[in-house]
Number of protein chains: 2
Amino acid sequence: MRTDPAGPTGLLDPLDEAILRELAVDARASFADIGSVVSLSAPAVKRRVDRLRERGVIRGFTVRLDPAALGWETEAYVELFCSGSTSPVVMRTAVERFPEVISASTVTGDVDLLIHLRARDMRHLERVIERLNAEAFVARTRSTIVLSALVRRPDVQGSPEP
Amino acid sequence: MRTDPAGPTGLLDPLDEAILRELAVDARASFADIGSVVSLSAPAVKRRVDRLRERGVIRGFTVRLDPAALGWETEAYVELFCSGSTSPVVMRTAVERFPEVISASTVTGDVDLLIHLRARDMRHLERVIERLNAEAFVARTRSTIVLSALVRRPDVQGSPEP
DNA sequence: GATGAAACACCTAAGCC
DNA sequence: GGCTTAGGTGTTTCATC
């Protein structure tokens, strides 16, 4: 078995890190191209990528889209205050039905659920907020509209485990 | 020039939409595989993908990583209240230096800057918040820690235009 | 203007050392 | 981890509609 220099902490081999950096920049890069950057042969890169997928470090590969080019011009955070003690499963099921939702998390503090979403325009956003407010478990909402995006970096894109 | 069924609104051809859906699920899928789903030949798919890249709809392809598997277990939102009228450029420059920051946006409301970040653990998060607080233009911060991620969907991953 | 078939170069994947 | 090879893929060209 291969010695894992990362150990149980989840830290990675420097070569694995370099490979992930290249894949983050261009996930369709060939193993040979990645290999020439990290000084490894193509098969060696493939083996490491396969292993990273097996380990669950790599969840998959996806396309980076420009939402504005697709007509999604409005971005907002909507905080949900829930009535009584609503279970996370109920929240998740309800919120998942909205294609506008990018992420939804239960959080510490007054707010029960923090939602990050995109809408085509303000009119669309208004309708989404109304529909969120209409959910049975939602007591009230508080919205914050994004004025300008200063930093945008890659983040996890896989669905959370059930 | 090609007739754009999308028009100036930014909406897409149904075939382009289908191709983007496939790429969102697996950005390393072969053009032939995508073609068999959308009923197009591999060259036709490639030409459409090339055109989507030229148009800026596709910004690139990236890897989806599991932060927990990489040792990033803590996720939080930090709201920054800025002293006086700090320019967005100053905010951006300062915040960009933090590798922990996933996104930073100027927003409506009391808060001046909303930051989404990941840290290895609570101790790490605490240090990041301290460092953010130490920035010259930061009056105070308010933090919200993510308890559990209910929904996580792909979002833009390209850097915002300067 | 867009598509599909074919040709070639390149890459992936699975075997070897 | 590198090398080799067989099969698959990306990319270009060309004819067709």
Side-chain angles (χ1 to χ4, degrees), chain A residues 1-8 10-66 69-71 157-158, chain B residues 1-66 69-70 157-158:
Chain A
M1 189 195 141
R2 168 175 169 265
T3 314
D4 189 356
L11 295 172
L12 290 176
D13 191 88
L15 277 168
D16 286 338
E17 279 183 23
I19 290 169
L20 292 182
R21 261 195 304 276
E22 294 304 311
L23 286 174
V25 172
D26 180 12
R28 283 187 77 94
S30 73
F31 295 141
D33 283 348
I34 296 170
S36 71
V37 175
V38 304
S39 303
L40 235 53
S41 68
V45 174
K46 180 197 163 7
R47 278 190 290 259
R48 281 174 175 267
V49 170
D50 287 346
R51 206 180 302 130
L52 288 167
R53 295 198 71 153
E54 281 163 25
R55 277 207 275 162
V57 177
I58 293 178
R59 288 189 170 174
F61 303 95
T62 194
V63 61
R64 297 192 289 115
L65 298 173
D66 178 8
L70 288 160
Q157 302 206 333
Chain B
M1 189 194 141
R2 169 176 168 265
T3 314
D4 189 356
T9 57
L11 296 172
L12 290 175
D13 189 272
L15 278 170
D16 286 338
E17 279 182 23
I19 291 169
L20 292 181
R21 262 195 303 275
E22 295 305 312
L23 286 174
V25 173
D26 180 11
R28 282 186 79 95
S30 73
F31 293 142
D33 284 350
I34 297 170
S36 71
V37 175
V38 305
S39 303
L40 235 53
S41 68
V45 173
K46 179 193 161 15
R47 278 189 291 263
R48 281 174 177 268
V49 170
D50 286 346
R51 202 183 308 127
L52 288 167
R53 295 199 71 153
E54 282 163 24
R55 279 206 275 163
V57 175
I58 292 177
R59 287 188 171 176
F61 303 95
T62 195
V63 60
R64 297 193 289 114
L65 299 172
D66 178 7
L70 288 160
Q157 301 206 337

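Atoms considered below: every heavy atom in the structure, side chains included; atoms not considered: hydrogens, waters and symmetry mates. Residue numbering restarts at 1 for every chain, and letters A, B, ... go by the order of the sequence lines. Only a predicted model underlies this, so the values are computations on that prediction, with no experimental measurement involved.
- Here the side chain of Arg64(B) pairs a donor or acceptor atom with the backbone of Arg59(A) at under 3.5 angstrom.
- With Asp50(B) as reference, Lys46(B) is the one residue of Arg53(B), Lys46(B), Arg47(B) to meet the side chain to side chain donor-acceptor pair (under 3.5 Å) rule.
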Return a table of donor-acceptor pairs under 3.5 angstrom between the side chains of residues 33-44 of chain B and protein atoms on other chains or two or more places apart.
from: Asp33(B); atom 1: OD2; to: Ser30(B); atom 2: OG; distance (Å): 3.4
from: Ser36(B); atom 1: OG; to: Asp33(B); atom 2: O; distance (Å): 2.7
from: Ser41(B); atom 1: OG; to: Ala44(B); atom 2: N; distance (Å): 3.4

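- Between the P atom of dG10(D) and the CG atom of Asp26(A) lies a distance of 13 Å, rounded to the nearest Å.
- A salt bridge links Arg55(A) with Asp16(A): the closest approach of a Lys/Arg side-chain nitrogen to an acidic carboxylate oxygen falls below 4.0 angstrom.
- When atom types are taken as modelled, the side chain of Arg28(B) and the backbone of Gly60(A) share no donor-acceptor pair closer than 3.5 angstrom.
- Contact check for Leu70(A) versus Leu20(B): side-chain heavy atoms found under the 4.5 Å cut-off.
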Summary of protein contacts for nucleotides 12-17 of chain C, nucleotide by nucleotide, where a base hit scores B, a sugar-phosphate-only hit scores S (4.0 Å, heavy atoms): SBBB--
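- With rounding to the nearest 0.5 angstrom, the CG atom of Leu65(A) is 6.5 Å from the CD1 atom of Ile58(B).
- For residues 33-41 of chain A, proximity to DNA chain D is found at Leu40(A), Ser41(A), defined as any non-hydrogen atom under 4.0 angstrom from a strand atom.
- For the side chain to side chain donor-acceptor pair (under 3.5 Å) test, no residue two or more places apart in sequence or in another chain qualifies with Asp26(B).
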